[in-house]
Engineer: 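One structure follows; several queries about it will come next.
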Amino acid sequence: MADTLNDIHLAYGDSVYPLYKVIGPFMKNEPTKDEVAKFDNEIIELKNNGKTHDEIRKIYKVGASTVAKSLKRSGGKVQKTGKKTFGYIGMVLYDRAEDKVQCGICGEWFRSLGNHVFQKHGMTAKEYKDRFGLYYKTALCSKEVSKKRSEAIPEQFVKYRKSKKHIEELVVANKKRKKPHRCGVMQGKNKHGLCDEQIKKRLLVVRNMSNKVEMSDVTISDVHKYDSPLHMHLISKYGKVKSVAERFNLLAGGRIKHQEIDLISKLRTFVLKNKKMIKTKDVDGNPNIPSVGTYQLRFGSWRRAKMMAGLDQLLAEVKA
Ligand SMILES: [Zn+2]
């Protein structure tokens, strides 16, 4: 489910907001599906039903050690699965008043998450960031802690880091190193308002601003006109105007897709075929004919569209 900043304030209080720049809406974290715990629980149940290790092993087609390990891990106790998670995908919640950040797994608040996540949840910071769609460079700590940590870096090191030579060296090294492609990480998408949900919402805004009725009437040039950052992102991501148009069901250029002649011929075809006057209810949900709104937009009104198509005369001819 998507939440707004207002929902966050209602749920956690006014002092809580995203730690890094994020544009809403925010997508809630899915509950964890703890596959391991589920497997352990099943084994416990089989064992309680009087099955021997060997029988269990055969049911799952696994080695005896897997069963033994599972029982050791769970200690024979049934664990809760599908645990509730907290927070949102691709962001860290920050409480300004307490100067604490929220753990997405247990919902507790801490100055710094790294240690907690490792000790309580047996997860490295990297795994945590993978799980919650964060950049690896994202610091899992409050603003004060992060400030203190950066101040703790020796001055000469900061100078060295900023030297031109060093930056050039870094750029060269970076080009050589193969990095996992993480442009699609939720945090990055959120930051620019570009997760799929957000793109759809922004396109809706473009549609309304350009006074179009249907999404398929919105042109790429409309997107350029009313939301040029989004236009830039879509073009750089999909390469061609045509691909963007296909992906989001938009018009490729500034052309008019349902040209008037096309719209008129669709009305005439209907009348010819069905030998009756077309009504708005015939258009609703009819995949062959664009919506009444499209006709109203193009011809001023539905009535005028029918008039332009010369339907009365056509019907008389058909019936004669
Ligand atoms: Zn936790």
Side-chain angles (χ1 to χ4, degrees), residues 1-44 69-152 180 182 184-191 195 197:
M1 285 302 290
D3 272 11
T4 61
L5 193 59
N6 201 29
D7 292 322
I8 292 179
H9 287 331
L10 284 177
Y12 297 102
D14 279 347
S15 60
V16 175
Y17 62 99
L19 184 59
Y20 299 93
K21 188 195 160 202
V22 205
I23 300 170
F26 312 105
M27 309 304 290
K28 276 205 177 97
N29 281 322
E30 295 287 315
T32 51
K33 286 188 185 68
D34 196 344
E35 293 299 327
V36 180
K38 225 168 130 192
F39 175 72
D40 291 347
N41 289 349
E42 282 171 20
I43 295 212
I44 293 165
K69 265 185 203 164
S70 160
L71 284 167
K72 197 180 167 194
R73 189 166 46 216
S74 60
K77 277 183 200 156
V78 176
Q79 299 160 75
K80 272 186 189 166
T81 54
K83 281 177 221 151
K84 194 178 181 297
T85 50
F86 298 82
Y88 301 85
I89 300 166
M91 68 186 237
V92 181
L93 273 185
Y94 174 63
D95 187 342
R96 180 171 32 193
E98 301 263 323
D99 189 44
K100 279 178 178 173
V101 286
Q102 191 192 35
C103 167
I105 301 167
C106 63
E108 301 279 315
W109 296 78
F110 301 93
R111 286 285 169 107
S112 169
L113 287 183
N115 253 340
H116 159 77
V117 164
F118 187 71
Q119 286 177 357
K120 268 272 157 72
H121 310 301
M123 227 182 209
T124 64
K126 192 166 170 269
E127 285 165 346
Y128 182 88
K129 286 168 189 174
D130 272 334
R131 165 74 179 80
F132 289 99
L134 300 166
Y135 287 142
Y136 289 148
K137 69 174 184 190
T138 296
L140 294 174
C141 60
S142 74
K143 288 196 172 175
E144 280 302 309
V145 172
S146 148
K147 203 175 148 200
K148 266 183 201 150
R149 279 182 190 170
S150 62
E151 277 168 3
R182 281 177 60 85
V185 193
M186 283 307 287
Q187 188 181 355
K189 288 185 176 178
N190 277 342
K191 189 170 158 193
C195 86
E197 283 302 306

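Only this structure's heavy atoms are used, side chains among them; waters, hydrogens and symmetry mates stay out. What you see is a predicted model; the values in this text were computed from it and never measured. Every number for a ligand or one of its atoms is a count from 1 in the order of the listing.
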Engineer: Protein N/O/S atoms under 2.8 Å from the Zn ion (ligand 1): how many?
Structural biologist: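 There are 4 of them.
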Engineer: Under the criterion side chain to side chain contact (heavy atoms under 4.5 Å, CB included), which of L113, D130, V117 is the partner of M123?
Structural biologist: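 Result: among L113, D130, V117, V117 is the only option passing the side chain to side chain contact (heavy atoms under 4.5 Å, CB included) with M123.
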Engineer: Could you go through L71 and I43, starting from their C-alpha distance and side-chain angles, then the distance that decides it, and tell me whether this counts as side-chain contact (heavy atoms from CB on, under 4.5 Å)?
Structural biologist: CA-CA 8 Å; L71 284 167; I43 295 212; 4.0 Å; yes
Engineer: Got a sec, which residues hit side chain to side chain contact (heavy atoms under 4.5 Å, CB included) with A139, two or more places apart in sequence or on another chain?
Structural biologist: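 Partners of A139 by the side chain to side chain contact (heavy atoms under 4.5 Å, CB included) criterion, ordered by chain and then number, come out as Y20, C141.
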Engineer: Do Y17 and L93 pass the side-chain contact (heavy atoms from CB on, under 4.5 Å) test, and can you show the C-alpha distance, the side-chain angles, and the key distance before you say yes or no?
Structural biologist: CA-CA 6 Å; Y17 62 99; L93 273 185; over 6 Å; no
Engineer: Could you list the residues that satisfy side chain to side chain contact (heavy atoms under 4.5 Å, CB included) with E98, not counting sequence neighbours?
Structural biologist: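 Result, side chain to side chain contact (heavy atoms under 4.5 Å, CB included) vs E98: D95, K100.
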Engineer: With D99, which residues qualify under side chain to side chain contact (heavy atoms under 4.5 Å, CB included), at least two apart?
Structural biologist: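 Side chain to side chain contact (heavy atoms under 4.5 Å, CB included) list for D99, sorted by chain: Y94, R111, S142, K143, E144.
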